[in-house]
There are 2 protein chains.
Amino acid sequence: MRLAVMGAGAVGGSVVELAADYGHTVTAFSDSRSAAIDPDGLDTAAVLDRKATDGIVGDEAPEDALQAPYDVLVEATPTTLGDAEPGFGHLKTALQRDRHVVLANKGPVAERYADVRELEAESEGTVLFEATVGGAMPVLSTIDDFDPEHITAVRGVLNGTANFILSRMAAEGLGYEHVLAEAQDLGVAEADPTFDVDGTDAALKGVIVANVLADDGREYTLEDAEVEGIQDIAGSALELAQEEGRTIRLIAEVAEGEVRVGPRLVPENAPLAPSGTRNIVQLETEHAGRLNISGRGAGGPETASAVLADVGRLGQ
Amino acid sequence: MRLAVMGAGAVGGSVVELAADYGHTVTAFSDSRSAAIDPDGLDTAAVLDRKATDGIVGDEAPEDALQAPYDVLVEATPTTLGDAEPGFGHLKTALQRDRHVVLANKGPVAERYADVRELEAESEGTVLFEATVGGAMPVLSTIDDFDPEHITAVRGVLNGTANFILSRMAAEGLGYEHVLAEAQDLGVAEADPTFDVDGTDAALKGVIVANVLADDGREYTLEDAEVEGIQDIAGSALELAQEEGRTIRLIAEVAEGEVRVGPRLVPENAPLAPSGTRNIVQLETEHAGRLNISGRGAGGPETASAVLADVGRLGQ
């Protein structure tokens, strides 16, 4: 397939780097300031090199990438709240051109799901978004395989930064601020970690799952989620939990039409208490019991793997 | 889709019971002695009732089901070694009629993989077999999503009976024979548990994974697997392991072109040491680290869910 990749961060860059390995060609690639376009396929190594050296990917304007020849638009610009722009506009342009769209950007399916489905219905193109929930983990495709109708609840640890902080606090007996600073030094937490620690990122993922599970056409956005973060958790709370063989994790839960994210007490060594940045999702199924999927929930190549799995599905 | 279901054991029966729930119609259903056929769709409750009451599903001959009108043949007769009959013959007939085949029976893809692929290549039909490895767990579809080329190793606990026995032996300090008898009383182990405890069942699943991963067209059969069972494990071995914070599990591993099954020391509380009958599979991926999938690896409705997920894929 010919890919146009919008967004040159860790995920977009990894998609460009790995595309050929999965049998695909990158015909367009854009960052916020520039684009590189070649209908015959870009020299991806040269383009990534230019990005690393000069800070731009090419000499065209970013929007020109949307008009390039491609089969699949990979939307990997940063997730924004509210109108989900510019990601939503990119998706709209591609669908109106009857092209497929694969999202790594959570915005369009977390904030404007009904609009996305409406545009998709009018297009020959299909929208897939496995990469938006749980990075490398096949969460949405497994829900799809089991049929959303036969999934009764989904819960899990969907933010690796918050999980890293909580597991370090518990293991080392350190305070929140100390561990956050350490996580930032390690590159596990961003300079502005707000969305990771206040639960917003996990809630966006929960909202996307709720949209996929909703069988009554109800649309969920961040406003429908009940969200509490981990910023106010004291080291003493973790110590108390440990005395009872338990620990605290930031758990997202989608069940009975509700999306809830917050710190929860879970048994130590239980599946819902992964260590470090690992994520886990539990699917409660009607006929097949509980299914656990765990893996790396973030990272460039990890999330790019999910993007390329979606591209592969579109090519079948 | 219209389904012909061959085999009226726990899996075949559950497929028939759940088919309508997933939007499908059962037009034919056979056990070893009889068949029920209705091109407009069987009254599945009545057929299952007759099976429970009279021990037969209908008044036709079993083979007549193969000639009924259907889109997908669901092959759920018992797995046999060597020539994989009668399952292989059923698959062959369906493919020659240009119908799809979904296997719950491991035989054809564990013992005659090259023959299956050859018949499939000459047919309009497709063969899927998610249910043959790990029951409800989406193992093969996840391998397919990541692209077999980018999976470097697959290992896991693939037999629930053996896992139940080992975890009970460890937890209760009981001997193998005692726990086996208990498992038989509970219905967790069959009257003849040979294939579960001697590693054959796990090896068949490993061989299927090896066939899917092989990119050089090499065909694997049970003869290519190195297999050791759990029959000779002494309770004292488990006690020794526990003193070091470890336990013993029957692990199947597919890596570097080799299939190995045997008892292995693993850390207690580690993902590879699930308790009871739960199964787990770890996929080592080239770009996305390690992915764990755990869930119910056997059972009628659980395995039927995987069969129906395959049917759903064929309908897309």
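Owing to the predicted nature of the structure, the values given are computational and were not obtained by experimental measurement. Order of the sequence lines fixes the chain letters, A, B, ..., with proteins taken first and strands second; residue numbering starts at 1 for each chain.
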Which residue out of A:Ala309, A:Gly295, A:Ser294, A:Gly300 racks up the most heavy-atom pairs below 4.5 Å with chain B? A:Ser294

Greatest number of heavy atom pairs closer than 4.5 Å to chain B - which of A:Gln282, A:Glu149, A:Arg278: A:Arg278

For chain A, which of B:His150, B:Met137, B:Arg313 has the most heavy-atom pairs under 4.5 Å? B:His150

CD (B:Glu190) with more than 12 external heavy atoms under 6.0 Å: no

B:Glu122, CD atom: more than 12 neighbouring heavy atoms under 6.0 Å: yes

From CA spacing to verdict: side chain to side chain contact (heavy atoms under 4.5 Å, CB included), A:Glu286, B:Asp21: CA-CA 11 Å; A:Glu286 196 183 343; B:Asp21 238 23; 4.2 Å; yes

So which heavy atom on A:Phe146 is nearest to which on B:Tyr22, and how close? O-CE2, 3.4 Å

Closest heavy-atom pair, A:Ala136 versus B:Leu291, reported as atoms and distance to 0.1 Å, is O-CD1, 3.9 Å

What part of A:Leu18 gets closer than 4.5 Å to chain B, counting heavy atoms only: side chain, backbone, both or neither? side chain

Region of A:Thr285 that comes under 4.5 Å of a non-hydrogen atom in chain B: neither

Rounding to 0.5 Å, atoms CG (A:Asn292) and CD1 (B:Ile280) come to a distance of 8.0 Å

Would B:Leu308 and A:His287 count as a side chain to side chain contact (heavy atoms under 4.5 Å, CB included) here? Give the steps. CA-CA 11 Å; B:Leu308 290 162; A:His287 303 300; over 6 Å; no

